[in-house]
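Ligands are counted one by one from 1 in listed order, and the atoms in each one are counted from 1 as well.
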Amino acid sequence: MAKPRFYDLIISDVRKDTSSSVEISFEIPKLLSTIFAFVPGQYLTLRADVGGVDVRRSYSICSPVGSDTLSVGVKRIEGGAFSGFALALKIGDVLSVMSPQGRFTAPIGGRHNYLLLAAGSGITPIKSIAQSVLEGEPESTITLCYANRNTDSVMFRQAFDDLKDKYLTRFLMTHVMDEEAQDVALFNGRMDAEKLNTMSIRGLITPLDYDAIYICGPQPMIEAASAALRVLGVPVDRIKCELFTPSSPLPIAGSISVVTPTEGSLIEVVLDGGRRGFRMVAGQMLLDAATQSGLELPYSCANGMCATCRCKLAEGHGTMVQNFSLEPWEMKQGFVLACQFQPESDHVVLDFDAV
Ligand code: FES
């Protein structure tokens, strides 16, 4: 995976998908084709000056591997600083785009039987996975359950209809709606533990048969679905989750209990073979302190979800405010998320070059 970097890309197409979402496609110059090669399930971070503020947002790639263009799905978020800006973008606009990142991936090759669970705009990486697997693995099968409020909020409807027609025997798709009555009562409501249990009992899904289960959506849906699948006996390493938004707002750095040295801490950063330092005081977030000192660190969500800011705590001590992306083995080896890191010693070294 290429190191996170921003590149200017030209928008080659903007296609309205639903009343509140668009698919934005980028032209990838030949020179950048290796850098922007991706594994289905990964995302792009878009960056723009919105009202004088440098804003970054991650959007999952929705196009399949091997497609001519690289596309993301963007859904309007009420009051969202970036989505309103993104929905007004047009062909020919140039946007700063980070090379593909993310670990919610389904590498293509071999023969797989996957269950995909998505809610709302959580369908974007799932679409790329479904399409890439069906097109790139002739013997693989996909079962997709997609939860929405109603038909109007279903993203990529036409694309999924096309997939169903093309891969009749290898692609099974079920819609679950909580604001629109379905012919089959089971498909009304939310995709929660009870729903998955019932679907399993009725043989609509067979949780123990899948090579992997990919879940993407809001935090409550992910937690309910993964807990239900574990109760049904699915090994934890077969359940892969991508969190779009945490259900609780990020705590303010100063409001969490950390033992910040009174004079603040000296943070040294190893990045691309160089070493730079800056001071960070109590109540500050590390990314803000770095930016104020003129140092640009790799980050995307700034919320502990994406791991773009993953680095190794090489010296000193500290704690993370929250973590939705690092695995236990990574934390054991000293990896931390810079966007969530609060130092607890006078001097800390964070190594972004460590792998
Ligand atoms: S920037 Fe996403 S986890 Fe830190």
Side-chain angles (χ1 to χ4, degrees), residues 1-7 38-39 41-48 50 53-61 72 74 77 80-83 96-105 121-122 124-125 216-219 222 240-253 256 258 267 269-272 278 280 284-293 295-314 318-343 348-355:
M1 185 167 68
K3 270 206 164 189
R5 290 267 186 289
F6 282 101
Y7 300 85
F38 68 96
V39 184
Q42 286 192 305
Y43 62 85
L44 299 178
T45 300
L46 313 187
R47 178 184 192 181
V50 182
V53 181
D54 177 25
V55 185
R56 305 176 185 206
R57 288 290 182 276
S58 309
Y59 293 101
S60 291
I61 297 168
V72 293
V74 178
I77 308 245
F82 199 89
S83 66
S96 197
V97 182
M98 190 185 279
S99 45
Q101 306 294 315
R103 306 148 154 217
F104 181 69
T105 53
S121 56
T124 43
C216 187
Q219 190 174 359
I222 287 185
K240 301 177 190 304
C241 303
E242 178 88 321
L243 179 63
F244 263 32
T245 46
S247 59
S248 53
L250 183 66
I252 309 297
I256 59 158
V258 286
I267 313 290
V269 163
V270 178
L271 182 63
D272 294 334
F278 58 93
M280 178 178 169
Q284 257 190 321
M285 295 306 280
L286 190 139
L287 293 182
D288 293 338
T291 305
Q292 279 164 21
S293 77
L295 177 60
E296 173 138 344
L297 296 179
Y299 75 90
S300 175
C301 71
N303 248 329
M305 298 186 295
C306 70
T308 308
C309 63
R310 177 185 185 263
C311 55
K312 195 164 192 171
L313 178 59
T319 188
M320 281 190 285
V321 180
Q322 61 184 7
N323 164 41
F324 297 107
S325 50
L326 288 185
E327 302 284 344
W329 68 263
E330 293 175 291
M331 292 193 284
K332 222 173 181 175
Q333 288 189 9
F335 285 98
V336 294
L337 300 171
C339 73
Q340 300 300 307
F341 186 75
Q342 290 286 309
V348 157
V349 178
L350 296 175
D351 185 354
F352 283 80
D353 292 344
V355 285

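Between C309 atom SG and C339 atom SG, the angle centred on atom 4 (Fe) of ligand 1 amounts to 100° (nearest 10°).
Of all the atoms in ligand 1, the ones that sit under 4.0 Å from a non-hydrogen atom of A307 are 2 (Fe), 3 (S). Near G304, the atoms of ligand 1 lying under 4.0 angstrom from a non-hydrogen atom of the residue are 3 (S). Close approach of ligand 1 to A302 (heavy-atom distance below 4.0 Å) involves ligand atoms 1 (S), 2 (Fe). Which parts of ligand 1 touch Y299 is read off a 4.0 Å heavy-atom cut-off, strictly below it: atoms 1 (S). Residue C306 has at least one heavy-atom neighbour below 4.0 Å for each of these atoms of ligand 1: 1 (S), 2 (Fe), 3 (S).
Here the straight-line distance linking atom CD1 of I77 with atom OG of S121 works out to 6.0 Å at 0.5 Å rounding. In this structure, CG in D272 is found 4.0 Å from CZ in R5, a value given to the nearest 0.5 Å.
Each of T319, L326, V321 was checked for a side-chain contact (heavy atoms from CB on, under 4.5 Å) with Q340, and the lone residue meeting it is V321.
The side-chain hydrogen bond (donor to acceptor under 3.5 Å, both in side chains) check on R310 picks up E330, with sequence neighbours excluded.
Residues L271 and P298 form a side-chain contact, since some pair of their non-hydrogen atoms from C-beta on lies under 4.5 Å apart.
Looking at M305 against ligand 1, only its backbone comes within 4.0 Å, counting heavy atoms. The backbone of S300, and not its side chain, has at least one atom closer than 4.0 Å to an atom of ligand 1 (non-hydrogen atoms only; backbone = N, CA, C, O). When heavy-atom distances to ligand 1 are checked against a 4.0 Å cut-off, A338 has no atom that comes that close, whether in backbone or side chain.
W329 and F335 have perpendicular rings, their planes meeting at more than 60° on a 0 to 90° scale where under 30° would count as parallel.
The minimum heavy-atom distance linking A290 with L297 is given by the pair CB-CD1, 3.6 Å.
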